Amino acid sequence: MNYEGKDLVATGAELVAASSLIGEPYGNLSRLPRVLPTPEVEDGVKAFLEQLAPERRNITTAMISAVANPGRAGTLHYTLGDLEVRRVILAWHPATGPAWTFMFFGGTQWHLRLVEPEELLRVLMEVLQSDTPLRSTPYRCCLNTSSSLLFLGILHLLQAAHLHACLGHVESPVSFDPNVLPDVMHEGSTEDFRWPLYFFDKVLPHSVEVMPWAEELAPALADLVAHDLIKPEGGDYALTPAGFAFAAAFRHHLTKIGLRFTSQNDAEIETHEAVLLVRSPHDLHLLDVGGKESALASLTLADARNLLAELLHVGPAKPAAPVSTNAPAPAPSAKRTCTVCGARYAMEAEVCPTCGTPAHAEAVQKHAAPASEPKPAAAAPPLPANAPPVCKQCGKPLAKATSKFCGHCGAPVS
């Protein structure tokens, strides 16, 4: 164990020994290797920690606490074309304050350093080539997680068929047989970062290959048809124009980012959110997965920056605006219960503000169409300080400050 510049460099056994010496036990989200240090390793680590200056010792202790018992943990993979891939572990602990512990494996040892969210954001925006403008191809929809992952498998299947067609000097197929999709998904753990399906699978909390695709296939296909991403064509299916826009971007992608964050709620149940960002010469597409809900969207670079900045933020949440106790209580309004996540929300909302599930079948069809450019609206009077936040897409108030989807238009809240 030693320092190379700002990096703490250590073997897995040395990190485990250090966590024991500072009294930080394995947490449920621990990112420490599962190895047993020898007495010689423990003695060496103890001597190293004792000779550190107080400031450097505090930083070392904070980083080891973060990887041993993180309050929030992340997995970050990104690629630059088909040439290289970077794989990083992110861990946050109250001891690291507003910074992440950035951990990666180099050869035979682990490297740890503290990185501010702004620095991580700068790197990721460089990966997304933020200095190169995008064209506007607006599309966004809310899906079940199995549907969005199956769509990723469909894009994988068609891309593979296209490559085989090129090698055989024949025309590329424009449709696909749905019966082969379970086999495609059951190969999801393949180690090949060049393919978005295999790349994103390494970021997910569980591999797509273990999902019950024999049961999930039919409802997922129906969901994708309802959201105008695929269409029936005889006994097969084909991509719609919206689906083809995703396929073209994935086929010609320049860079991609896979990012997952894991935390625990008050009941010590792990919660996950995973995002896949794929940058092509002209487009930037998002697949955002969280529990049973997911979203597919084409983004602007500003959208991507706002999304990543929110995901990378660590530390205490911003305090909510105080609510006046003198104001009369509002009359209770009728509520609807979401059939997917169980949340209660207003009857007039067309989608659940918590998970994005449409409230009724008509809403599915309404939200299946690609989003159009918003019409300019008349200037609204200023909102009071304690007013609820509003949707950036349609301008209507959100059901609550923590809503992940707008209850009126279904747009993801960034």
Side-chain angles (χ1 to χ4, degrees), residues 74-90 100 117-143 145 148-149 151-153 155-156 159 188 192-205 208 229 242-243 245-262 272-290 293-313 356 371 392 404-405 411-414:
T75 300
L76 168 63
H77 294 183
Y78 59 90
T79 67
L80 305 175
D82 287 341
L83 300 178
E84 57 182 317
V85 61
R86 295 286 187 269
R87 304 184 182 196
V88 176
I89 293 172
L90 299 173
W100 288 98
E118 293 77 14
E119 175 63 13
L120 276 174
L121 179 61
R122 183 190 65 78
V123 171
L124 295 181
M125 291 308 296
E126 286 183 0
V127 172
L128 295 178
Q129 302 183 2
S130 58
D131 58 341
T132 304
L134 298 169
R135 67 187 179 191
S136 177
T137 53
Y139 179 85
R140 63 184 64 202
C141 68
C142 303
L143 298 160
T145 291
S148 60
L149 294 177
F151 184 61
L152 194 56
L155 301 186
H156 176 95
Q159 184 176 354
D192 190 341
F193 66 85
R194 296 172 297 176
W195 297 80
L197 174 64
Y198 300 155
F199 173 80
F200 193 43
D201 183 79
K202 307 308 173 291
V203 176
L204 295 173
V208 298
L229 289 166
F246 279 88
F250 279 48
R251 182 180 299 173
H252 303 293
H253 74 271
L254 303 174
T255 64
K256 53 187 178 289
I257 294 172
L259 180 61
R260 183 189 90 235
F261 285 109
T262 303
H272 308 274
E273 181 170 11
V275 299
L276 172 66
L277 290 163
V278 178
R279 168 69 201 252
S280 74
H282 305 293
D283 301 285
L284 176 59
H285 288 292
L286 165 74
L287 170 56
D288 188 337
V289 175
E293 67 186 57
S294 67
L296 280 170
S298 59
L299 301 181
T300 65
L301 289 167
D303 290 335
R305 178 180 290 276
N306 291 337
L307 171 67
L308 290 171
E310 181 178 350
L311 288 171
L312 293 170
H313 172 75
K392 296 180 181 178
K404 296 185 70 176
F405 296 89
V413 178
S414 58

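The structure displayed is predicted, hence computed values, not measured ones.
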- [ ] Determine, using ring centers only, whether His156 and Phe250 are less than 6.0 Å apart.
- [x] no
Open item on the list: Check whether Phe193 forms a cation-pi arrangement with Lys202 (NZ or CZ under 6.0 Å from the six-membered ring centre, at most 45° off the ring normal).
Closed with: no
Open item on the list: So, taking the atom named CG in Leu229 and the one named CG in Leu143, what distance separates them when rounded to the nearest 0.5 Å?
Closed with: 6.5 Å
Open item on the list: Does any part of the side chain of Leu296, heavy atoms only, come nearer than 4.5 Å to the side chain of Phe246, both counted from C-beta?
Closed with: yes
Open item on the list: Is there a side-chain contact between Leu276 and Leu152 in this structure, where contact means two heavy atoms from C-beta onward sitting under 4.5 Å apart?
Closed with: yes
Open item on the list: Distance check, rounded to the nearest 0.5 Å: Leu259 atom CG versus Leu308 atom CG?
Closed with: 7.0 Å
Open item on the list: If you apply the rule salt bridge (charged side-chain N to carboxylate O under 4.0 Å, His left out), what do you find for Glu118 with Arg122, and how did you get there?
Closed with: CA-CA 6 Å; Glu118 293 77 14; Arg122 183 190 65 78; over 6 Å; no
Task: Under 3.5 Å donor-acceptor, Ser298 side chain and Tyr139 backbone - done: yes
Task: Non-hydrogen atoms of His252 and Pro281 that approach each other most closely - done: O-CD, 3.3 Å
- [ ] Starting from the C-alpha separation in whole Å, work towards a yes-or-no answer on side chain to side chain contact (heavy atoms under 4.5 Å, CB included) for Leu90 and Phe261.
- [x] CA-CA 9 Å; Leu90 299 173; Phe261 285 109; 4.1 Å; yes
Open item on the list: Between Leu286 and Asp303, is there a side-chain heavy-atom distance shorter than 4.5 Å?
Closed with: no
Task: From CG (Leu128) to CG (Leu124), nearest 0.5 Å - done: 7.0 Å
Open item on the list: Nearest 0.5 angstrom please: Arg251 CZ to Leu155 CG, how far?
Closed with: 9.5 Å
- [ ] May I ask you to test the Leu287-Val289 pair for a side-chain heavy-atom distance under 4.5 Å?
- [x] yes
Task: Any side-chain heavy-atom pair of Gln129 and Leu254 under 4.5 Å - done: yes
- [ ] Over all heavy atoms of both residues, which pair between Ile257 and Phe199 is shortest? Give the atoms and the distance, please.
- [x] C-CE2, 3.8 Å
Open item on the list: So does Glu293 get a backbone contact from the side chain of Thr145, meaning a donor-acceptor N/O pair under 3.5 Å?
Closed with: yes
Task: Side chain Trp100, main chain Leu312, donor-acceptor under 3.5 Å - done: yes
Open item on the list: Using the side chain to side chain contact (heavy atoms under 4.5 Å, CB included) definition, which of the options Asp131, Leu284, Thr132 pairs with Leu301?
Closed with: Leu284
Task: Leu149 side, atom CG; Asp201 side, atom CG - distance, nearest 0.5 Å - done: 9.0 Å
TODO: Determine the minimum heavy-atom distance between Phe200 and Ala274, stating which atoms define it.
DONE: CZ-CB, 3.9 Å
Task: Residue pair His272 / Thr262, side-chain donor-acceptor N/O under 3.5 Å - done: yes
Open item on the list: Within the 4.5 Å heavy-atom criterion, are Glu273 and Asp288 side-chain neighbours or not?
Closed with: yes
Task: Smallest separation among heavy atoms of Ala245 and His285, with atom names - done: O-NE2, 3.6 Å
- [ ] Answer whether the closest heavy-atom distance between the side chains of Gln159 and Pro196 falls below 4.5 Å.
- [x] yes
Task: Closest heavy-atom pair and its distance - Thr255, Val127 - done: OG1-O, 2.8 Å
Open item on the list: Is there a side-chain contact between Met125 and Arg305 in this structure, where contact means two heavy atoms from C-beta onward sitting under 4.5 Å apart?
Closed with: yes
Task: From Leu299 atom CG to Leu277 atom CG, the distance as rounded to the nearest 0.5 Å - done: 6.5 Å
Open item on the list: For Ser280 versus Ala249, what's the shortest heavy-atom pair and its separation?
Closed with: CB-O, 3.5 Å
- [ ] Mark yes or no for whether Arg86, through its side chain, and His77, through its backbone, hold a donor-acceptor pair below 3.5 Å.
- [x] no
